Number of protein chains: 2
Amino acid sequence: MTDRNRMTMQDLARLAGVSKMTVSRALRDSSLVSEDVRKRIKSLAREHGYRINVAARDLRLQRRKTIAVVVEMSPTDERPMSEPYPLALLGGIAQELAAADYAMLVKVSGKITDDEVYGSDGVILLGQGAHEDAAEQLGRMGVPLVVWGSPTRAHQYVVVGSDNRHGGQLAAQQLLGAGRRRLVFLGDTDHSELSDRLEGFRPEVDRDGAELVAVEPCDFTSASAFEATGRLLRRGVEFDGVFACNDLAAAGAINALNATGRRVPSAVSVVGYDDAPMAAAYVPAITTIRQNWHSGGRLLARKILQLIRGETPASEALPTSLISRST
Amino acid sequence: MTDRNRMTMQDLARLAGVSKMTVSRALRDSSLVSEDVRKRIKSLAREHGYRINVAARDLRLQRRKTIAVVVEMSPTDERPMSEPYPLALLGGIAQELAAADYAMLVKVSGKITDDEVYGSDGVILLGQGAHEDAAEQLGRMGVPLVVWGSPTRAHQYVVVGSDNRHGGQLAAQQLLGAGRRRLVFLGDTDHSELSDRLEGFRPEVDRDGAELVAVEPCDFTSASAFEATGRLLRRGVEFDGVFACNDLAAAGAINALNATGRRVPSAVSVVGYDDAPMAAAYVPAITTIRQNWHSGGRLLARKILQLIRGETPASEALPTSLISRST
DNA sequence: TCAAGAAATGTTATCGATCACATGCGCTAT
DNA sequence: ATAGCGCATGTGATCGATAACATTTCTTGA
């Protein structure tokens with residue numbers, strides 16, 4: 001009740017001349033308390049800056065109403081900009097959780113072995129792979145778990161992700177439709193989502209009788225794609241179509257092509273991924289595969305809530321669509 | 001102890017044939033419990049998937065060790081990609097909080113009046129302005145509060161943000177140094193951070209005897225900057241330097257200039273803001289003002305922890321630096 | 001007018017972990 | 001032999017809110 005220690009319901013009750021039970025009821029808008037008493041207690045609470053003790057309430061109610069979201073990310077001062085997921089994904093999760101009155105506890109990187117994570121009602125893992133073992137452990141402990149990643153592979157846990165296979169198909173169709181015959185895939189296939197895209201991409205190319213002339217590793221930056229494209233060119237690989245792992249990489253590839261006099265899209269076609277805001281701003285505007293991060297987030301949240309309710313949701317792939325621009 | 005109800009320390013204690021106090025001590029690695037008992041209890045806990053009840057612990061320990069981060073954002077399915085802050089900012093916050101053993105509760109939009117927010121030890125508000133009243137209320141309730149925004153203005157709460165005024169100065173110096181005399185500011189000055197940039201920008205222009213020929217509203221997208229630049233051109237405004245509110249807007253402006261035959265940087269110079277990954281990937285590579293989101297996040301977290309410890313940290317501006325590229 | 005029931009308020013036990021304090025046990029020094 | 005000490009463990013009270021049950025106050029109909 002002093003400045004140091006927070007006020008409790010008991011304190012408020014004394015102030016209002018009622019029992020703490022009445023205070024509890026009043027603050028929860030119970031119909032069991034008269035209008036005027038409720039008003040008086042609420043205004044007293046506001047006036048004295050009373051804040052409920054969430055831990056006490058949650059203990060008594062045997063609930064937490066909290067979902068932990070673990071984001072795989074390596075943030076350092078030297079390399080501050082590793083941006084694995086757009087905030088929109090978190091936004092989607094948050095929106096759906098908020099609707100169900102759940103809070104979102106975000107844990108960025110670090111070991112998952114954390115009371116706070118274990119203490120929550122469920123865990124959403126952003127970034128498959130890095131946490132394979134952690135995921136398994138969570139499963140063993142009976143913590144509801146949903147993972148953002150590659151939903152096509154079978155796992156013991158629920159996976160939500162965009163339909164990368166279909167994305168790969170769309171990219172192939174786009175490039176082939178533009179008359180391209182010698183295609184290049186730019187990305188690291190150790191990444192399960194990229195490997196899925198390749199699995200959609202390759203058969204489509206084969207079916208058409210065109211050729212996948214190279215799968216060149218590259219990470220999600222323009223500089224890396226610039227270098228990867230340069231490597232191919234120096235190796236003498238001839239190609240007229242590029243499927244890049246994201247829009248930034250697409251831009252890097254285009255830059256490398258232009259630097260050697262190959263024009264986009266007249267000589268070479270390029271397809272990116274994500275439909276990031278920069279894709280439309282780039283010149284030439286980048287043709288890309290859109291994945292809807294926001295609805296992906298919402299889906300993740302819905303799945304975890306289903307698990308908590310004891311249902312058994314299936315893994316699910318989100319639709320992807322081609323945004324055809326200049327490249 | 002059944003599948004439905006989670007196991008408690010009491011249950012574990014029975015299993016191990018000790019009292020729950022010993023279990024409590026063992027799990028916390030207290031030196032007051034013998035090596036073999038500790039091991040036995042820990043392996044039992046692992047085996048049975050015991051998870052501590054965080055609410056109970058926090059209630060007893062009178063702590064929460066949780067900071068709420070409120071992100072201003074309007075995520076909808078129609079407009080899913082409003083990306084007000086990079087994840088790096090959250091990453092910085094998370095890193096610093098984790099080091100102090102605090103958890104991060106993220107609330108995206110929605111009303112701030114939420115037990116979970118009030119229940120945490122402190123609140124970090126991302127996005128001034130939108131929450132002026134909420135901020136005031138939090139202050140009245142004695143909730144430690146730190147806001148990301150414009151640190152130059154005086155507020156009753158602590159503000160951390162990049163040094164937008166200095167950023168504006170740097171941009172002006174860059175444009176003037178390139179010999180530009182008729183400058184344009186692209187951005188909505190209702191936004192307090194942009195207004196700060198203008199406050200740094202304008203005097204520098206004046207001092208040099210150059211001219212600020214227009215301040216044109218525009219939001220943080222390339223399309224909006226494209227339009228804004230088009231408006232200026234159509235109005236017949238002549239200018240040779242542009243300071244855009246972010247890198248995406250810079251790209252939009254460049255596109256609009258190129259569309260009317262004005263070359264960048266030969267005829268017009270452009271400076272962006274943020275040093276987003278796309279700034280370097282764009283052609284021509286965009287000259288920009290870098291703000292270090294990650295260390296900004298860390299600073300926010302450090303300030304809130306100081307407030308919680310009863311110290312009185314001051315508002316603080318983060319250094320900005322000019323990244324000189326082609327434009 | 002008064003019994004009966006509804007409405008408003010109070011009392012007690014409880015959630016699960018932890019602290020302060022007690023107890024038990026083995027060992028050593030006198 | 002036993003007082004005295006240190007280490008390992010147990011007991012009871014506690015944190016703040018809420019459900020279940022108990023009690024009081026207010027209405028209303030015969």
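Both backbone and side-chain heavy atoms feed into the values below; hydrogens, waters and symmetry mates do not. As the structure is a computational prediction, the values presented were derived from the model and not from experiment. Naming convention: chains lettered A, B, ... in sequence-line order (proteins, then strands); numbering from 1 in each chain.
Side chains of A:Ser34 and A:Arg38: a donor-acceptor N/O pair is absent below 3.5 angstrom, by distance only.
Rounded to whole angstrom, the span from the CZ atom of A:Arg57 across to the P atom of D:dA19 amounts to 11 Å. For A:Arg63 and D:dA17, the CZ to P distance is 14 Å, given to the nearest whole Å. Following rounding to the nearest Å, B:Asp58 (CG) and C:dC19 (P) show an atom-to-atom distance of 13 Å. As rounded to whole Å, 13 Å separates atom C1' of C:dG16 from atom CZ of A:Arg64. What separates CG of B:Leu61 from P of C:dC15 is a distance of 19 Å, to the nearest Å. One can place CD of A:Gln10 at 13 Å from C1' of D:dT18, the figure rounded to the nearest angstrom. One can place CE of B:Met9 at 14 Å from P of D:dG10, the figure rounded to the nearest angstrom. Here the C1' atom of nucleotide C:dT18 and the CG atom of B:Asn53 are 13 Å apart, to the nearest Å.
Going from atom CD of B:Glu96 over to atom CZ of B:Arg298 covers 4.5 Å, rounded to the nearest 0.5 Å.
Residue A:Leu59 is classed as a base contact, given a heavy-atom separation below 4.0 Å to a base.
Between B:Arg64 and B:Asp121 no salt bridge is recorded (no basic side-chain N to carboxylate O distance below 4.0 Å).
Considering every non-hydrogen atom in both A:Leu307 and A:Pro144, the closest pair reads CB-CB, 3.9 Å. Across all their heavy atoms, B:Thr66 and B:Ser120 have their closest contact at O-CB, 3.2 Å. Closest of all the heavy-atom pairs between A:Ala94 and A:Met104 is CB-CE, 3.8 Å.
One donor-acceptor pair, N or O on each side, does fall under 3.5 Å between the base of D:dT14 and the side chain of B:Arg60.
The phosphate of C:dA17 (OP1 or OP2) has a side-chain N or O of B:Tyr50 nearer than 4.0 angstrom.
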Dot-bracket line, read 5' to 3' along DNA chain C, where crossing pairs take [ ] and | marks a partner on another strand, Watson-Crick or G-U under 3.5 Å: ||||||||||||||||||||||||||||||

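Side-chain contact between A:Met7 and A:Arg51 is absent, with no heavy atoms from C-beta onward closer than 4.5 Å.
Between A:Gly17 and A:Ala56, the one whose closest nucleotide on DNA chain C sits nearer the 5' end is A:Gly17. With the nearest nucleotide of DNA chain D identified for both B:Val18 and B:Gln62, B:Val18 has the one nearer the 5' end.
B:Lys303 places a side-chain N or O within donor-acceptor distance of the main-chain N or O of B:Ala314, the cut-off being under 3.5 Å.
For residues 19-42 of chain B, proximity to DNA chain C is found at B:Lys20, B:Met21, B:Ser24, B:Arg28, defined as any non-hydrogen atom under 4.0 angstrom from a strand atom.
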- request: Please lay out, stage by stage, how A:Asp29 and A:Lys42 fare under the test salt bridge (Lys or Arg N to Asp or Glu O under 4.0 Å).
  value: CA-CA 10 Å; A:Asp29 289 319; A:Lys42 281 202 169 184; 2.8 Å; yes

